[in-house]
Amino acid sequence: MKDFLSTLGIKEKNAGTSTGVNYIENTSTNLITSHTPSDGSEIASVYETSKEDYEQVVKASQEAFKEWRMMPAPQRGEIVRQIGLKLREYKEPLGKLVSYEMGKIYQEGLGEVQEMIDICDFAVGQSRMLYGKTMHSERPQHRMYEQWHPLGPVGIISAFNFPVAVYSWNAMIAAICGDTVIWKGSEKTPLCSVAVQNIIGEVLKENDVPEGVFGMITGGREVGEWMTTDGRIPLISATGSIPMGKQVGKTVAARLGKTILELGGNNAIIISKEADLEMAIRAIVFGAVGTAGQRCTSTRRLIIHEDVYDELKDRLVNIYKSINIGDPLDSDTLVGPLIDQDAVDAMQNALKKVEAEGGSVVCGGDVLENLEGHYVKPAICEVENHYEIVQHETFAPILYLIKYSELDEAIELHNGVVQGLSSSMFTLNMREMERFLSHAGSDCGIANINIGTSGAEIGGAFGGEKETGGGRESGSDAWKAYMRRQTNTINWGDELPLAQGIEFDV
Ligand code: UN1
């Protein structure tokens, strides 16, 4: 048994209840077994949430909401501050578990926990800044203002690739806003969810806060559908694929609920002939092979000026040859395994399609059969942007190279996909840079200059346009999506003038 598992309260064989809390007696008998993608071996199992348990979690969330919303926001911030401190204590074991259960390298596992800590710090400050505006009324002796109220239980559906950080962007902001949360993590990484519940649970206990403030359920699509169809959950924040998001969006819209959707990306970097290639190469490699290409912000397309195309291609191919692939917990490894066999198959299929459509695989793409687990060599392909396969997000390390000659053409290619999450341009030319960031430039939610597409900081609003779903999470004023706005007008005079000067004498 690995030490970090017991430190995080993960028991061998059965890691605990499906809800990660003590107030619910588990009624389910279905087990979800978690395997490490690093060698395919079993880690531990978690019960799938039964409908009965689900009902209890929602009721506990509704009950806790009544108390939590009445606590002053800065006091809620204090609880989140303590969660941030607790996460600092558990950073190493939790980072290891993320790496072991999801397959990203340990450095990135630590980075994920750091992202949780950062959003806690941000949320603490935000808890004193849930600002509403005041307006000048058109009527004498009237005052108008707006205020923000919490929504209620917020449903969070998160994906395997960021098993802890994306949850915390939502949960910590929702919590300071006065909402309670119900979290369904991916059924591929249930132990990460249990570990986070255990850490947060310690803080709740120490402060006598009801456990229902941070609820959790475990399961797959069916359990997710209980949430999306449930009118008691006013907001669903979902991270995942575009097809999944379309389903969630439709279901929640049918009951006029709110959504925050953070779906697939097809992120590109434009490499100008005036780019600093040294810097560009480092950003490209991190963006394309980091997390084995399984970030929604992973770099999938490179749109390269014809003058530097051959040089850049050769240099990337050379670097790809020397990338260390292997055990994600080994400090020499840069690329760990893919999450499962389906991901390996999807990558192989994508590479076949590249060739069938007239493109070529320049390097990589092999499955490393000699290693236990789901290891592949990151691939570089030469393609045209309009290929059907290039239009899709394949959650694997495939980097598509596309050539351009004029900047207008590059931007058109860049925007010529259905997704709109992250984007970047490498150039030292300020005219090119400003053009890329202008109204007529990148159509994505995130647009960077001289840094890659992945690895966003929590302080900015995170999300994308078009089929990426339009939602924004994390920093800036993304907190507003977790609250309801109320406009208040108060008449402190002794007359009752009507707006728009209407006369209505009775
Ligand atoms: C995701 O892949 O769903 O910007 C989130 C990044 C990370 C978050 C990615 N901070 O790459």
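Ligands are counted one by one from 1 in listed order, and the atoms in each one are counted from 1 as well. Everything numeric in this text was worked out from a predicted model, so none of it was measured.
- In this structure, ligand 1 sits under 4.0 Å from heavy atoms belonging to E115, N161, F162, W169, E262, R295, C296, T297, S454, G455, A456, F462.
- Each of T297, N267, N448, T299 was scored for a side chain to side chain donor-acceptor pair (under 3.5 Å) with T453, with one residue passing: T299.
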Passes ring pair (Phe, Tyr, Trp, His ring centres under 6.0 Å), F4 versus Y100? Steps please. CA-CA 10 Å; F4 57 86; Y100 192 54; 5.6 Å; yes
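- Listed by first and then second residue, the ring pair (Phe, Tyr, Trp, His ring centres under 6.0 Å) pairs that reach into residues 447-484 are W148-W479, W169-F462, sequence neighbours excluded.
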Test Y131 against Q126 for side-chain hydrogen bond (donor to acceptor under 3.5 Å, both in side chains), laying out the working first. CA-CA 9 Å; Y131 298 139; Q126 189 66 58; over 6 Å; no
Could you go through residues 236-253 and list every donor-acceptor pair under 3.5 Å that involves a side-chain atom there, pairing it with any protein atom two or more places apart or in another chain?
from : atom 1 : to   : atom 2 : distance (Å)
S237 : OG     : N170 : OD1    : 2.7
S237 : OG     : E473 : OE2    : 3.0
S241 : OG     : M244 : N      : 3.2
K246 : NZ     : E467 : OE1    : 3.3
T251 : OG1    : Q247 : O      : 2.8

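- In this structure E278 satisfies the side chain to side chain donor-acceptor pair (under 3.5 Å) test together with R315, sequence neighbours excluded.
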